[in-house]
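What follows is one structure encoded as structure tokens, with my remarks underneath.
Small disclaimer: the values here were computed from a predicted structure and weren't measured.
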2 protein chains.
Amino acid sequence: MKYSNQTRLLVAVDCIIFGFDGTDYKLLLIQRGFAPEREKWSLMGGFIQPEESADKAAERILQQLTGLHDVYLEQIQAFSIPERDPIERVIALPYVALIDIEKYQTQINDDFHARWFTLKELPNLIFDHNEMVEMALNRLRYKAAFHPILFELLPEKFTLPQLQAMYEGLYDTKIDKRNFTRKVLSTKLLKKEKDKDKSSSKKGAFYYSLDEEHYKENFTNIHNFIPKNEIPVGTE
Amino acid sequence: MKYSNQTRLLVAVDCIIFGFDGTDYKLLLIQRGFAPEREKWSLMGGFIQPEESADKAAERILQQLTGLHDVYLEQIQAFSIPERDPIERVIALPYVALIDIEKYQTQINDDFHARWFTLKELPNLIFDHNEMVEMALNRLRYKAAFHPILFELLPEKFTLPQLQAMYEGLYDTKIDKRNFTRKVLSTKLLKKEKDKDKSSSKKGAFYYSLDEEHYKENFTNIHNFIPKNEIPVGTE
DNA sequence: CCAAAAGTGTTCAGCGTACACCCATGG
DNA sequence: CCATGGGTGTACGCTGAACACTTTTGG
């Protein structure tokens, strides 16, 4: 049995994949190998298949492109105006993904001609993908102010200066080192390691890693890592 | 031209319509006049039409049921598992609507057998609609802690005790009258009226109304109407 | 030995919270 | 006149913000 006299539509999932390389935020884009907009850059996307949910589709697509699974993925608002894709109407469910840029495996993506772009040098994207990125960034800035999601962007072991640089980069601001350290450590989300990263200073900075236990359990807690007046006027 | 070899799906919008009657939060439900699940209660929904966006579809559906337009409407996460509708696969885009219960016009809804239910006496709903309501409530509790969205539930003129009751109801808690008043007034979102509501006390409580200017402009600001430890561990 | 980044404590202001009494009025 | 709900002010603690010097070590 079916619902009669109703129009069925294509539904796609598009992944807005963010990474952080220690200095800049990057977005993973692919170069389309097919029309329309052949050769133009675009988010990695795909149609929802008959037997999968949107979440599964997003995981599948991310995995196809990056080889990664079990990454942070969050759905944002659907894009649905009828004209958004010139070929045919497609409803897009965008997902924000945060991945540790070091885990991204180059060999996987060859089919898609994927490349990381820093946010400052984003090309024009197809359709409304620039808008999606904008919306995703907004959400990220809003949510990261209260929840420890940015930690997803970091490698296993990272230093506090690195972490701080990530926050400073996202909000394009400077944060006081002492206050930042105190706040982050007070959440008990981090474990101090024994060794240091000497790559960016002579003294070396201690590595930290996520305390998985506390991380999951405190994930939704409201923290306060960045100064109030830097928190964007939110989309949530 | 079309995308080939792809499955097209039905996409529906479902409206989770909240109201507040001065004492309780209510949800507007309809009784299905058609199979499947005939006679069971459900959210008001409808398929997205070829020429409309999801937002427009939500507005249309809300308007069909309530006669209202220009109401608070916010999309939440898509529900997309393939089995969620036994008849045929349907992807649902749920929208949370907040309406002034007094503006709801009874005559409009006759076709749908609509009825308000308090949140405590919600019936079993079809499909995954109970889940949607749950998710909507969660979002509401989270967002209302920081943004003045609950004001949408109030009539033109309302009193501070009414407003407070609304917040207390949503978080199922008691709030200190003095602190609440101070916080709310400090936002400058309200204009004090000259007259009083005497319906619930002999002394009477002054009416307030929204200061439209400031309301829109401060809407996304982060306020702090309810005590910290009452804010739910958030979904956002 | 010096440049460069890491690490660490204290002070102060403002916000958030707790708390209790007087006011106005209809019955 | 009194019961009921409305309206108001203050004191305190804690959190968030501002701020500067010492430590380490590779070159």
Side-chain angles (χ1 to χ4, degrees), chain A residues 22-23 144-148 154 157-169 171 173-188 190-209 218 221-232, chain B residues 22-23 144-146 148 154 157-169 171 173-188 190-209 218 221-231:
Chain A
T23 312
F146 301 117
H147 303 290
L154 292 165
K157 289 159 51 175
F158 51 89
T159 66
L160 291 183
Q162 275 170 39
L163 186 63
Q164 183 175 339
M166 240 176 42
Y167 278 90
E168 291 181 338
Y171 298 96
T173 187
K174 286 282 164 205
I175 301 177
D176 183 89
K177 196 166 39 164
R178 293 158 286 187
N179 293 335
F180 181 79
T181 309
R182 195 163 356 92
K183 282 181 189 178
V184 170
L185 292 182
S186 76
T187 64
K188 310 282 189 192
L190 302 188
K191 280 201 309 252
K192 191 172 189 171
E193 301 287 324
K194 303 245 172 297
D195 49 339
K196 284 183 162 187
D197 166 38
K198 297 221 167 189
S199 67
S200 64
S201 80
K202 336 221 154 160
K203 182 175 179 183
F206 277 105
Y207 280 118
Y208 287 79
S209 63
N218 283 326
N221 282 7
I222 293 181
H223 303 296
N224 181 28
F225 295 142
I226 67 157
K228 272 187 194 154
N229 55 345
E230 304 292 344
I231 299 176
Chain B
T23 312
F146 301 116
L154 291 165
K157 290 159 50 176
F158 51 88
T159 66
L160 292 183
Q162 274 169 41
L163 186 63
Q164 184 175 339
M166 239 176 44
Y167 278 89
E168 292 182 338
Y171 299 96
T173 187
K174 284 284 163 202
I175 302 176
D176 183 90
K177 194 166 43 164
R178 290 158 289 189
N179 294 335
F180 181 78
T181 308
R182 194 160 1 92
K183 283 180 188 178
V184 170
L185 292 181
S186 76
T187 64
K188 311 279 189 195
L190 301 188
K191 282 202 308 253
K192 190 172 189 170
E193 300 287 324
K194 304 245 173 295
D195 50 339
K196 286 183 161 185
D197 166 37
K198 299 221 167 187
S199 67
S200 65
S201 79
K202 334 223 154 156
K203 183 176 178 183
F206 277 106
Y207 280 118
Y208 287 79
S209 63
N218 283 325
N221 283 5
I222 293 180
H223 301 296
N224 180 26
F225 295 142
I226 66 156
K228 271 187 194 155
N229 55 345
E230 303 293 343
I231 299 176

Query raised in the report: Does Lys196(A) make a cation-pi contact with Phe206(A), if we ask for NZ or CZ under 6.0 Å from the ring centre and within 45° of the axis?
Result: yes
**Report entry** Donor-acceptor pair (no angle test) under 3.5 Å: Lys203(A) side chain, dA6(C) base
**Finding:** yes
Report task. Give one of base, sugar-phosphate or nothing for Lys183(A), where a contact means two heavy atoms less than 4.0 Å apart. Result -> sugar-phosphate
Query raised in the report: Could you give the CG-to-P distance, from Asp197(A) to dA4(C), as a whole number of Å?
Result: 18 Å
Requested in this report: Take atom CD of Gln162(A) and atom C1' of dG7(C), then tell me their distance rounded to the nearest Å.
Outcome: 16 Å
Query raised in the report: How do Lys177(A) and Gly204(A) order along DNA chain D: which one's closest nucleotide is nearer the 5' end?
Result: Lys177(A)
Query raised in the report: Of the candidate nucleotides dA3(C), dT10(D), dG27(C), which contains the atom at the shortest distance from the side chain of Lys202(B)?
Result: dG27(C)
Query raised in the report: Of the candidate nucleotides dA6(C), dG9(D), dT25(D), which contains the atom at the shortest distance from the side chain of Pro161(A)?
Result: dA6(C)
Query raised in the report: Side chain of Ala205(A): nearest nucleotide among dT4(D), dG7(C), dT8(D)?
Result: dG7(C)
Query raised in the report: Should we count NZ of Lys188(B) as having more than 12 external heavy atoms under 6.0 Å?
Result: no
Query raised in the report: Can you check the Phe206(A) CZ to dT24(D) C1' distance for me, whole Å?
Result: 11 Å
Query raised in the report: Does some side-chain heavy atom of Phe158(B) sit less than 4.5 Å from a side-chain heavy atom of Leu190(B)?
Result: yes
Query raised in the report: Is a donor-acceptor pair below 3.5 Å formed from side chain Asp176(B) to base dC19(C), judging by atom type as modelled?
Result: yes
Query raised in the report: Glu168(A) has an atom CD; how far is it from atom C1' of dA5(C), in whole Å?
Result: 13 Å
Report summary line: Note: for Lys192(A) and Lys196(B) on DNA chain C, the residue whose nearest nucleotide lies more 5' is Lys192(A)
Query raised in the report: Any side-chain N or O of Asn224(A) under 4.0 Å from OP1/OP2 of dG16(D)?
Result: yes
Requested in this report: Report the distance from atom NZ of Lys174(A) to atom P of dA18(D), rounded to the nearest whole Å.
Outcome: 15 Å
Report task. Figure out the CD1/P separation between Ile226(B) and dA18(C), and round it to whole Å. Result -> 13 Å
**Report entry** Test item: Phe225(B) and Leu163(B) side chains (from C-beta on) under 4.5 Å apart, heavy atoms
**Finding:** no
Query raised in the report: Looking at dT11(C), does its base get a donor-acceptor pair with the side chain of Arg178(A) below 3.5 Å?
Result: no
Query raised in the report: Is there a side-chain contact between Tyr207(B) and Thr159(B) (heavy atoms, below 4.5 Å)?
Result: yes
Report summary line: From the list Ile226(A), Ile175(A), Leu185(A), side-chain contact (heavy atoms from CB on, under 4.5 Å) with Phe180(A) holds only for Ile175(A)
Requested in this report: Give one of base, sugar-phosphate or nothing for Ser200(B), where a contact means two heavy atoms less than 4.0 Å apart.
Outcome: sugar-phosphate
Report summary line: When rounded to whole Å, the CZ to P distance for the pair Phe180(A) and dG7(C) reads 12 Å
Report summary line: Per nearest nucleotide of DNA chain C, the residue lying toward the 5' end, Arg182(A) or Lys198(B), is Arg182(A)
Query raised in the report: Rounded to whole angstrom units, what separation is found between the CD atom of Gln164(B) and the C1' atom of dT8(D)?
Result: 14 Å
Query raised in the report: Which nucleotide sits closest to the side chain of Ser201(B): dG9(D), dG16(C), dG6(D)?
Result: dG6(D)
Query raised in the report: Between dT10(C), dG26(C), dG9(D), which nucleotide has the shortest distance from any of its atoms to the side chain of Asn179(B)?
Result: dG9(D)
